[in-house]
Amino acid sequence: MNGAMEQSIDFFKKLKTSEKLTALLQQKSDLLAVETPVSLVYNGISHAVMMCSPQDLADFALGFSLSEGIIEKPSDIYGIDVIEGSNGIEVQIELSSRQFMALKAHRRNLTGRTGCGICGTEQLNQVYKNLPKLDRTFQFDLHLLDDCLSTLQTHQQLGKKTGATHACAFFDLQGKMLAIREDVGRHVALDKLIGWYVKADKPQGFIIASSRASYEMVQKVVSAEIELLVTISAATDLAVKMAKEHHLTLIGFAREGKGNIYTGKERLIF
């Protein structure tokens, strides 16, 4: 790093004054990730405002509703409309009467910054949700993981253009990528993918996320009854404890030929 910087400085010193001015005035085009407030409105009542990338918002609404326990199944939602406004986007969600009554009884407002998980949570017991203990229904051959990681990197279109987004992708047990969702927030990217997952009738497979494994990432994956989560960065201690408690297989620091297996190695073929 230092050597490269010294060479650049020396090169700049050798330029004539006119050339220096030209170099300083050169403009470089930079693509920026779009970040916009998205309001989730249930039966006319705003429940949450999250900062999101403005695509796949119907998937986001469905995935968020499931992972937050607002609905029990996709059929609890009768309709989703995405309406763009001057100050942001409204996603209007029509809930069944039963689920809307439950939502009002347990309502909490979330005003989320980028990737914010629990802003606005009113009580400590709202942090922890009642989650299932996952069944062990498959084993995954770890030799396939390198190709999956390469595929994820190749298909991160927003990430490659902006360098400012997270990605979550779903792979089947043969290592084929079935879907990918990107967003400025890792939690939102995961909710978008979960929304796709339930609409696709919950195919068997696992998730790779470009982020760290926080407790809420684990919580969302477990709530969707997905048995394996792989992340590019580390896991937190609470994430590992939660994964172990609910029988989730959790791998962090996934790189070519290596990774940290925190929990659930019985699902892995070495």
Side-chain angles (χ1 to χ4, degrees), residues 36-85 88-112 115-135 168 170 179 181 183 185-203 207 214-227 229 242 245-246 248:
T36 190
V38 175
S39 175
L40 298 177
V41 181
Y42 292 91
N43 291 18
I45 298 178
S46 179
H47 174 73
V49 178
M50 308 293 284
M51 301 305 296
C52 306
S53 300
Q55 63 265 345
D56 301 310
L57 293 181
D59 285 347
F60 170 51
L62 178 56
F64 178 88
S65 300
L66 284 164
S67 64
E68 288 293 311
I70 294 170
I71 62 175
E72 296 176 357
K73 54 189 181 301
S75 59
D76 289 330
I77 291 179
Y78 295 157
I80 298 175
D81 292 316
V82 178
I83 301 174
E84 296 188 23
I89 299 174
E90 272 195 5
V91 182
Q92 297 182 355
I93 304 155
E94 185 182 356
L95 279 184
S96 68
S97 298
R98 175 174 172 271
Q99 294 306 125
F100 184 57
M101 293 299 293
L103 175 62
K104 288 198 297 184
H106 299 92
R107 186 180 173 201
R108 63 185 174 95
N109 288 319
L110 296 169
T111 302
C116 182
I118 57 171
C119 296
T121 301
E122 296 170 355
Q123 299 176 7
L124 285 175
N125 61 10
Q126 288 179 316
V127 175
Y128 305 98
K129 297 179 173 66
N130 292 323
L131 298 173
K133 294 188 185 299
L134 299 175
D135 294 329
C168 292
F170 191 88
R181 295 292 182 267
D183 199 90
R186 66 186 186 276
H187 299 132
V188 178
L190 181 55
D191 277 331
K192 288 178 177 180
L193 188 65
I194 290 173
W196 165 85
Y197 171 72
V198 296
K199 288 196 296 187
D201 293 327
K202 298 185 176 182
I207 288 177
S214 63
Y215 94 92
E216 192 177 28
M217 295 290 282
V218 167
Q219 193 173 69
K220 288 177 180 293
V221 170
V222 172
S223 69
E225 299 183 344
I226 296 169
E227 299 177 41
L229 172 63
M242 187 173 291
E245 179 181 354
H246 296 285
L248 173 72

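A heavy-atom distance below 4.5 Å is not found between the side chains of Ile83 and Ile89. Met51 places a side-chain heavy atom less than 4.5 Å from the side chain of Pro37. Val188 is not listed as a side-chain neighbour of Val38, based on a closest heavy-atom distance of 4.5 Å or more. Between His187 and Ser214 the shortest side-chain heavy-atom distance falls below 4.5 Å.
Partners of Gln92 by side chain to side chain donor-acceptor pair (under 3.5 Å), not counting sequence neighbours, listed by chain and number: Glu90. Not counting sequence neighbours, the partners of Ser39 by the side chain to side chain donor-acceptor pair (under 3.5 Å) test are Ser46. Judged as a side chain to side chain donor-acceptor pair (under 3.5 Å), and not counting sequence neighbours, the contacts of Ser65 are Tyr42. By the salt bridge (Lys or Arg N to Asp or Glu O under 4.0 Å) test, Lys73 is found to be paired with Asp76, residues two or more places apart in sequence or in another chain being considered. Taking the ring-ring contact (aromatic ring centres under 6.0 Å, His included) definition, one finds that Phe170 meets it with Trp196, Tyr197, sequence neighbours left out.
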* To do: Using the side-chain contact (heavy atoms from CB on, under 4.5 Å) rule, take Val222 and Leu229 through it: C-alpha gap first, then chi angles, then the decisive distance, then the call.
  => CA-CA 9 Å; Val222 172; Leu229 172 63; over 6 Å; no
* Could you give me the CA-CA distance, side-chain angles and deciding distance for Ile77 and Leu95, then say whether side-chain contact (heavy atoms from CB on, under 4.5 Å) is met? => CA-CA 5 Å; Ile77 291 179; Leu95 279 184; 4.0 Å; yes
* To do: Apply side-chain contact (heavy atoms from CB on, under 4.5 Å) to His47 and Ile93, showing your working.
  => CA-CA 10 Å; His47 174 73; Ile93 304 155; over 6 Å; no
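When atom types are taken as modelled, the side chain of Asp183 and the backbone of Ser53 share a donor-acceptor pair closer than 3.5 angstrom. The backbone N or O of Glu245 sits less than 3.5 Å from a side-chain atom of Lys133, completing a donor-acceptor pair. A donor-acceptor pair is defined here as one N or O able to donate and one able to accept, closer than 3.5 Å; no such pair exists between the side chain of Lys220 and the backbone of Gly63.
In this structure, the separation between CG on Asp191 and CE on Met217 is 9.0 Å, given to the nearest 0.5 Å. For the atom pair CG (Asp135) and CD (Glu225), the distance works out to 8.0 Å, reported to the nearest 0.5 Å. Atom CD1 of Ile71 and atom CG of Leu62 lie 5.0 Å apart (nearest 0.5 Å). Rounding to the nearest 0.5 Å places SG of Cys168 at 6.5 Å from CD1 of Ile207. Here the straight-line distance linking atom CG of Leu193 with atom CZ of Phe60 works out to 13.5 Å at 0.5 Å rounding.
Screening residues 53-65 for salt bridge (Lys or Arg N to Asp or Glu O under 4.0 Å) gives Asp56-Arg181, Asp59-Arg181, Asp59-Lys199 as the qualifying pairs, with residues at least two apart or on separate chains.
Minimum heavy-atom separation, Gly88 to Thr36: CA-OG1, 3.9 Å. Between Ile45 and Lys104, the shortest heavy-atom contact is CD1-CD, 4.5 Å. Taking all atoms of both residues into account, the shortest heavy-atom contact from Ile70 to Gln99 is O-NE2, 2.9 Å. Annotation for Ala224 and Ile194: closest pair CB-CG2, 4.1 Å, computed over non-hydrogen atoms. Here the shortest heavy-atom pairing between Ile80 and Ala58 reads CD1-O, 3.8 Å. Contact between His246 and Pro132 at its shortest, heavy atoms only, is ND1-O, 3.2 Å.
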